[in-house]
Amino acid sequence: MELRLYDTLTREKRVFTPTDPARVRMYVCGPTVYDFAHIGNARPVIVFDVLFRLLRHIYGADHVTYVRNVTDVDDKINARAAERGISIRELTEETYGNFLQDVAALGCLPPTAEPRATEHIAEMKTLIERLVKGGHAYVAEDNILFHVPSMPDYGRLSKRPLDEMIAGARVEVAPYKKDPQDFILWKPAKEGEPSWPSPCGIKAPGRPGWHIECSAMSWKHLGETFDIHGGGIDLVFPHHENEIAQSRCAFHTAVMANTWMHNGFLQVEGEKMSKSLGNFVTIHDLLKEWPGETIRFAMLQTHYRQPINWTVAGLREAQRTLDHWYDLTNDVASGYLCADALDALADDLNTPKAFAALHELRSEAVKGAKAAAACLKASAQMIGLLQQSVADWASFRPASVAIDDAQIMASIDARNAARKARNFKEADRIRDELAKIGVVLKDSKDGTTWEIAR
């Protein structure tokens, strides 16, 4: 199978050829653990989980290393811990645990490694000292900064003009900078902040800048260069641009990663997500109302590089589709993988095209083709869907809907008795009363079942 991926650096779709097929290496920027992750954070987690699954299928599960880091030292973390009156470690442990639960509910496989920034301070210091020694960084007032003009082709990833890069980076204006673009590698720690002995002979304790963290962790776990680096489009500049600068200048390499992949922005009901608009949605809260697979399916309906408009209507459609797929595949074992769906995924993770192929299988399965149903099941599972039993899938209850299973079954029994007595008016009344609380009845030759309306 030929895998083609769009490379942000070259702005083209290219055949993916790993440096070593026996050890395919991917790094994706993970969460900053200070609060519940929002739905925009879920997009790269889901997208690169699909890529992880595809790489494992092509090269073998034991030959793919997927690293997703955890940023556990950051200004936002310090501020939130102070706001809540708890220790920084307590906050990061709690928030990281919440993140893991949320992404597991979205059907994501655990990465091969999830390194924490605070556990890689030694590697950061080593990189910083190399950069200073090589003339790419300098010490100024207990800060250590990367000197951007020392890298002639800085800016290749984002391809922004100089003035846009300076504005976009929102870099601190400081008199000790040699150039306005220069960015922090290490800075003095304020009282109460996490701190470590500083590199380069600085006596005051300090802490790392954000960008150096990912350069250090990717180096530690994947090497000086590796195959794929991923993340959201918002990270292209300055974060990924600065990662490239640090890593290439520290190791004197032509590239940091051979392929750079970025998922598009997310809006909620046509507007930018923000707390001020009241449309800020966390994964945690969304999972109270919708199954994780529904969220995953809705997210993958849009090609990963395109902007996505997150809507309740999209969730409802995803729920209906999965309900149907679960019904169709209930009594079949997983079959072979759909070649058309695999080809679509191999074409830069074209999930909408892959789903179109699965819908064709659904059409055949509706006609009674068991082989099509088995193929649908296997192919959906490969993408991280249809992972549950039908009973478990049907048992999901939204937190906002107060449902008493025993009372519903009693109502169904009463309705069945009314129908048997040909008292259809009473049967219809019971059905309508259940519909008012969000319960839909489904009659078949095997009896009456029920589900939550969406």
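Just the heavy atoms: all of them, side chains too, but no hydrogens, waters or symmetry mates, feed the values below.
- Between Leu286 atom CG and Leu315 atom CG the span is 6.0 Å, to the nearest 0.5 Å.
- Under a 4.0 Å N-O distance rule, the pair Asp49/Arg53 qualifies as a salt bridge.
- Here Trp260 pairs with His229, His240 under the ring-ring contact (aromatic ring centres under 6.0 Å, His included) rule; sequence neighbours left out.
- Within the 3.5 Å criterion, the main-chain N or O of Thr225 finds a donor-acceptor partner in the side chain of Arg25.
- No side-chain heavy atom of Ile308 sits less than 4.5 Å from a side-chain heavy atom of Phe265.
- Under a 4.0 Å N-O distance rule, the pair Asp348/Arg305 qualifies as a salt bridge.
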Output side-chain donor-acceptor pairs under 3.5 Å for residues 194-203, partner residues at least two apart or in another chain, one line each.
unit_1, atom_1, unit_2, atom_2, d
Ser198, OG, Trp186, NE1, 2.9
Ser198, OG, Ala204, O, 2.5
Ser198, OG, Gly206, N, 3.2

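- Annotation: ring pair (Phe, Tyr, Trp, His ring centres under 6.0 Å) contacts involving residues 108-153, sequence neighbours excluded, comprise His120-His221, Tyr138-His147, Phe146-Phe183.
- Here the straight-line distance linking atom CG of Asp72 with atom CD of Glu93 works out to 8.5 Å at 0.5 Å rounding.
- Under the 4.0 Å criterion applied to side-chain N and carboxylate O atoms, Arg320 and Asp323 are not assigned as salt-bridge partners.
- Between the side chain of Thr311 and the backbone N or O of Gly314 there is at least one donor-acceptor pair closer than 3.5 Å.
- Residues satisfying the salt bridge (Lys or Arg N to Asp or Glu O under 4.0 Å) test with Glu224, not counting sequence neighbours, are none.
- Trp219 pairs by the ring-ring contact (aromatic ring centres under 6.0 Å, His included) definition with Phe251, not counting sequence neighbours.
- Atom CZ of Arg207 sits about 12.5 Å away from atom OG1 of Thr118, to the nearest 0.5 Å.
- Using a distance-only test at 3.5 Å, with no hydrogens or angles considered, no donor-acceptor pair links the side chain of Ser215 to the main chain of Ile212.
- Between Lys125 and Glu129, no side-chain nitrogen of the basic residue sits less than 4.0 Å from a carboxylate oxygen of the acidic one, so the salt-bridge criterion is not met.
- Defined by atom type and a distance below 3.5 Å, a donor-acceptor pair is missing between the side-chain atoms of Ser395 and Asp392.
- Taking the ring-ring contact (aromatic ring centres under 6.0 Å, His included) definition, one finds that Trp393 meets it with Tyr326, sequence neighbours left out.
- Counting heavy atoms from C-beta on, the side chains of Val67 and Glu114 never come closer than 4.5 Å.
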**Request:** Please assess Asp35 against Arg84 for the test salt bridge (charged side-chain N to carboxylate O under 4.0 Å, His left out), listing each intermediate value before the final yes or no.
**Result:** CA-CA 11 Å; Asp35 203 345; Arg84 292 183 54 187; over 6 Å; no

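- Taking the charged nitrogens against the carboxylate oxygens, Arg80 and Glu83 do have a contact shorter than 4.0 Å, which makes a salt bridge.
- Annotation: side chain of Leu300 is not in contact with side chain of Pro352 (no heavy-atom distance under 4.5 Å).
- By the 4.5 Å heavy-atom criterion applied to side chains, Val33 and Thr71 are not counted as neighbours.
- Between the side chains of Thr65 and Thr112, no donor N or O sits under 3.5 Å from an acceptor N or O.
- Summarising the local packing, OH of Tyr6 is surrounded by more than 12 heavy atoms from other residues, nucleotides or ligands at distances under 6.0 Å.
- Checked by atom type, the side-chain pair Asp227/Thr259 shows no donor-acceptor distance below 3.5 Å.
- Phe297 is not listed as a side-chain neighbour of Leu386, based on a closest heavy-atom distance of 4.5 Å or more.
- If you take NZ on Lys377 and CD on Gln387, they are separated by 10.5 Å, rounding to the nearest 0.5 Å.
- Residues that satisfy the ring-ring contact (aromatic ring centres under 6.0 Å, His included) test with His324, not counting sequence neighbours, are absent from this structure.
- Between Leu145 and Lys177 there is a side-chain heavy-atom pair separated by less than 4.5 Å.
- Panel note: side chain Asn242, backbone His211; no donor-acceptor pair is recorded below 3.5 Å.
- Contacts classified as ring pair (Phe, Tyr, Trp, His ring centres under 6.0 Å) and involving residues 53-99 (residues at least two apart or in different chains) are given here: Phe52-Tyr66.
- Under the salt bridge (Lys or Arg N to Asp or Glu O under 4.0 Å) criterion, Lys13 pairs with Asp347, not counting sequence neighbours.
- Glu193 contributes a side-chain N or O that, together with a main-chain N or O of Lys190, makes up a donor-acceptor pair within less than 3.5 Å.
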**Asked** Would Leu106 and Leu287 count as a side chain to side chain contact (heavy atoms under 4.5 Å, CB included) if you check the C-alpha gap in whole Å, the side-chain angles of each, and the deciding distance to 0.1 Å?
**Response** CA-CA 9 Å; Leu106 296 176; Leu287 286 167; 4.3 Å; yes

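- Using a 4.5 Å heavy-atom threshold, the side chains of Glu119 and Pro115 count as separate.
- Donor-acceptor pairing under 3.5 Å is lacking for the side chains of His38 and Thr282.
- Put simply, the side chain of Glu241 gets close to the backbone of Leu157: a donor and an acceptor are under 3.5 Å apart.
- A distance-only check finds no donor-acceptor pair linking the side chain of Gln267 to the backbone of Pro307 [under 3.5 Å].
- Under the 4.0 Å criterion applied to side-chain N and carboxylate O atoms, Asp62 and Arg23 are not assigned as salt-bridge partners.
- Between the side chains of Tyr304 and Asn350, no donor N or O sits under 3.5 Å from an acceptor N or O.
- With a 4.5 Å cut-off on side-chain heavy atoms, Arg56 and Val24 do not count as touching.
- Among residues two or more places apart in sequence or in another chain, the salt bridge (Lys or Arg N to Asp or Glu O under 4.0 Å) test is passed with Glu191 by none.
- Rounded to the nearest 0.5 angstrom, Glu213 CD and Glu243 CD are separated by 10.0 Å.
- Scored by the salt bridge (Lys or Arg N to Asp or Glu O under 4.0 Å) test, Asp74 finds no partners at all (sequence neighbours excluded).
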**Request:** Could you go through the side chain to side chain contact (heavy atoms under 4.5 Å, CB included) check for Arg248 and Met151 one step at a time?
**Result:** CA-CA 9 Å; Arg248 284 185 53 203; Met151 184 181 183; 3.1 Å; yes

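- Of the possible polar contacts, one joining the Thr92 side chain to the Ile88 backbone as a donor-acceptor pair under 3.5 Å is found.
- A donor-acceptor pair under 3.5 Å links the side-chain atoms of Arg296 to the main chain of Gly107, judged by distance alone.
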**Asked** Could you go step by step and tell me if Asn98 and Glu94 meet the side chain to side chain contact (heavy atoms under 4.5 Å, CB included) rule?
**Response** CA-CA 6 Å; Asn98 292 336; Glu94 172 193 312; 4.0 Å; yes

**Request:** For the pair Asp7 and His262, evaluate side chain to side chain contact (heavy atoms under 4.5 Å, CB included) and give the outcome as yes or no after the intermediate values.
**Result:** CA-CA 9 Å; Asp7 180 16; His262 296 91; over 6 Å; no

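- Under the side-chain hydrogen bond (donor to acceptor under 3.5 Å, both in side chains) criterion, Thr95 pairs with no residue at all, not counting sequence neighbours.
- How far CG of Leu434 is from OG of Ser411: 5.0 Å, rounded to the nearest 0.5 Å.
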